[in-house]
Student: 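What follows is a structure written as structure tokens; I'll ask about it next.
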Amino acid sequence: MWSWWSMISRRIDAAGRGNDQVATRIARNPFWSGVRRECPDFESFVMHGPDRFERLRRPQLDYLRDRGRRVDFIGRTERLEIDLSGIAHRWGATEPDVARRNSAGTGSGEWREQFRPAMRARVATLFATDIEAFGYSFDT
């Protein structure tokens, strides 16, 4: 949720600074423009956004399964360099040089600090499937 909010916020900020190309993209995207209109801050995005926007309540595992099948490997952004190295080794390819980008997000502090207790509970309910499958936690 924090990553998604950060991405949308960066675009909204760019549009607010006069980036007409980004403003046009937001206007043409019902999700981004809806978030801009209906979720003025991260807390409202977490607490109310999922009720308004279906994609905010869809577990990530849903994107990785089809008709009872599941992918055989899930690379994770939090360990991207390690996972890409493993894939390259598996395929006999050269390991890619992975430049770290977009690690700061929007706002200050570490991402876990952005969630109040009620927001954590909301995320735990919405994404219980993902939390269990990927071993996510607010504690680590």
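Residues take their numbers from the sequence shown, with the count starting at 1.
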Student: Strictly distance-based, threshold 3.5 Å: is any side-chain N or O of R11 a donor or acceptor partner for the main-chain N or O of R25?
Tutor: no
Student: Is the shortest heavy-atom distance from the side chain of E78 to the side chain of Y136 under 4.5 Å?
Tutor: yes
Student: I need the L126 CG to D51 CG distance, nearest 0.5 Å.
Tutor: 8.0 Å
Student: With side chains defined as the heavy atoms from C-beta onward, is the minimum distance between M119 and M47 less than 4.5 Å?
Tutor: yes
Student: Just say parallel, tilted or perpendicular for the rings of W4 and F45, cut-offs at 30° and 60°.
Tutor: perpendicular
Student: With a 4.5 Å heavy-atom cut-off, do F115 and R122 have their side chains touching?
Tutor: no
Student: Looking only at non-hydrogen atoms, find the nearest pair between V22 and A15 and report the distance.
Tutor: CG1-N, 4.2 Å
Student: Just how far is it from atom CZ of R120 to atom OG of S137, taken to the nearest 0.5 Å?
Tutor: 8.5 Å
Student: Would you call the rings of W111 and F138 parallel, tilted or perpendicular if under 30° counts as parallel and over 60° as perpendicular?
Tutor: tilted
Student: If you define the side chain from C-beta out and look only at heavy atoms, does anything of V46 sit under 4.5 Å from W5?
Tutor: no
Student: Between R57 and P50 (side chain of the first, backbone of the second, donor and acceptor by atom type, cut-off under 3.5 Å), is there such a pair?
Tutor: yes
Student: How about R116: does its CZ atom have over 12 heavy atoms from other parts shown lying under 6.0 Å from it?
Tutor: no
Student: Under 6.0 Å from the CD atom of E38, do we count more than 12 heavy atoms belonging to anything else shown?
Tutor: yes
Student: How about CD1 on I74, more than 12 heavy atoms from neighbouring residues, nucleotides or ligands closer than 6.0 Å, or not?
Tutor: yes
Student: Using the rule that two of Ile, Leu, Val, Met, Phe, Trp, Tyr join whenever any of their side-chain heavy atoms come within less than 4.5 Å, decide whether F73 and L80 are in one cluster.
Tutor: yes
Student: Where does the angle between the aromatic ring planes of W2 and F42 fall among parallel (under 30°), tilted (30 to 60°) and perpendicular (over 60°)?
Tutor: perpendicular
Student: Give a yes or no on this: more than 12 heavy atoms of other residues, nucleotides or ligands lie within 6.0 Å of atom CG of D97.
Tutor: no
Student: I'd like to know if R58 pairs up with D130 as an ion pair, taking the criterion as any Lys NZ or Arg NE/NH1/NH2 lying under 4.0 Å from an Asp or Glu carboxylate oxygen.
Tutor: no
Student: For the atom pair OG (S3) and CE (M1), what is the distance rounded to the nearest 0.5 Å?
Tutor: 11.0 Å
Student: State, to 0.1 Å, how close T129 and P59 come at their nearest heavy-atom pair, and which atoms those are.
Tutor: CB-CB, 4.4 Å
Student: Cation-pi between R55 and F31: NZ/CZ under 6.0 Å from ring centre and within 45° of the ring axis?
Tutor: yes
Student: Nearest 0.5 Å, what's the CG-SG distance between L56 and C39?
Tutor: 7.5 Å
Student: How long is the gap from CZ on F134 to CG on L61, to the nearest 0.5 Å?
Tutor: 4.5 Å
Student: According to a hydrophobic-cluster definition based on side-chain heavy atoms being under 4.5 Å apart (Ile, Leu, Val, Met, Phe, Trp, Tyr only), do V71 and I82 belong together?
Tutor: no
Student: How many angstroms lie between atom CD1 of I26 and atom CG of N19, to the nearest 0.5 angstrom?
Tutor: 8.5 Å
Student: Hey, does the side chain of D83 reach the backbone of R76 with a donor-acceptor pair shorter than 3.5 angstrom?
Tutor: yes
Student: So, for A88 and E95, which heavy atoms are closest and what is the spacing to 0.1 Å?
Tutor: CB-CA, 3.9 Å
